[in-house]
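FYI, side chains are in, hydrogens and waters are out, and symmetry mates aren't considered; it's all heavy atoms of this structure. Being a predicted model, the structure only gives us computed values, none of them experimental. Every chain is numbered from 1, with letters handed out A, B, ... down the list of sequences.
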Amino acid sequence: MFFYTRYPSSNMLKIFFSDVKFNRCITSQLIKWFSNFREFYYIQMEKFARQAINDGVTGADELTVSRDCELYRALNMHYNKANDFEVPERFLEVAQITLREFFNAIVAGKDVDPSWKKAIYKVICKLDSEVPEIFKSPNCLQELLHE
DNA sequence: TAAACTCCTG
DNA sequence: CAGGAGTTTA
């Protein structure tokens, strides 16, 4: 689900985890999950952006996120270990945008500001797309595997 | 104020 | 991932 939405609202979570009986605790736990997901995501982005800079990349347009790049492998390993899901194309685009966003910010020296990442987060949170209906089913994993 | 976030740690 | 502290936001 993270491949589609990085910032799901609590209402959205309730819809997509229809088999779960929500209470304060469960809700905050799921919210926490996505927070952790984002953390890993952004950390990877920053890491690869800095790596690109060290490797002598000069322009953000030289940075690209494809299905065979190292960054993609790291993300897929983390969110899609068993390769059960087909990662949507849109996710690659968002990842690339994020990577370039970090790249530009670092090159511009904005990382001296303690809260320099907030500007990037603000951009990325606008890039959530709709999650396919299948994910609403409690058995979505099985159903997806049968396709 | 309470929910939701980030940041740091285990 | 989970917990906790501290901040932001509605």
Without decimals, in angstroms, what is the distance between [X] [atom1] and [N] [atom2]?
{"X": "A:Trp116", "N": "B:dT6", "atom1": "CH2", "atom2": "C1'", "result": "14 Å"}
{"X": "A:Tyr41", "N": "B:dC7", "atom1": "OH", "atom2": "P", "result": "15 Å"}
{"X": "A:Lys117", "N": "B:dT6", "atom1": "NZ", "atom2": "C1'", "result": "9 Å"}
{"X": "A:Arg38", "N": "B:dT6", "atom1": "CZ", "atom2": "C1'", "result": "9 Å"}

With A:Arg90 via side chain to side chain donor-acceptor pair (under 3.5 Å) - residues at least two apart: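 Listed in chain order: A:Glu93.
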With A:Ser35 via side chain to side chain donor-acceptor pair (under 3.5 Å) - residues at least two apart: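 In terms of side chain to side chain donor-acceptor pair (under 3.5 Å), with neighbours along the sequence ignored, A:Ser35 is linked to no residue.
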Contact state string [nucleotides 1-10 of chain C, B base, S sugar-phosphate only, - no protein heavy atom under 4.0 Å]: SBBB---SS-
Ring centre gap for A:Phe135 and A:Phe85 strictly below 6.0 Å: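 Between A:Phe85 and A:Phe135, which both carry aromatic rings, the centre distance is below 6.0 Å.
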Contact list for residues 47-61 of chain A, test salt bridge (charged side-chain N to carboxylate O under 4.0 Å, His left out), sequence neighbours left out: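 Qualifying pairs: A:Glu46-A:Arg50, A:Arg50-A:Asp111.
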Donor-acceptor side-chain pairing of A:Ser66 and A:Asp68 below 3.5 angstrom: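 Yes, A:Asp68 and A:Ser66 have a side-chain donor paired with an acceptor closer than 3.5 Å.
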Side-chain touch A:Phe48/A:Glu70, heavy atoms, less than 4.5 angstrom: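 Touching, per the 4.5 Å side-chain cut-off.
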Proximity to DNA chain B (any heavy atom under 4.0 Å), residues of residues 7-17 of chain A only: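 Within residues 7-17 of chain A, the residues near DNA chain B are A:Tyr7, A:Ser10.
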Shortest non-hydrogen separation from A:Glu101 to A:Val123 and the atoms involved: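 Heavy-atom minimum between the residues: OE2-CG2, 4.1 Å.
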Residue pairs involving residues 115-134 of chain A (criterion ring-ring contact (aromatic ring centres under 6.0 Å, His included); sequence neighbours excluded):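 Applying ring-ring contact (aromatic ring centres under 6.0 Å, His included) to every pair that reaches into residues 115-134 of chain A, excluding sequence neighbours, yields A:Tyr42-A:Tyr121, A:Phe102-A:Trp116.
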A:Ser35 side chain near B:dC5 phosphate (N/O to OP1/OP2, under 4.0 Å):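 For A:Ser35, the contact criterion (side-chain N or O under 4.0 Å from OP1 or OP2 of B:dC5) is not met.
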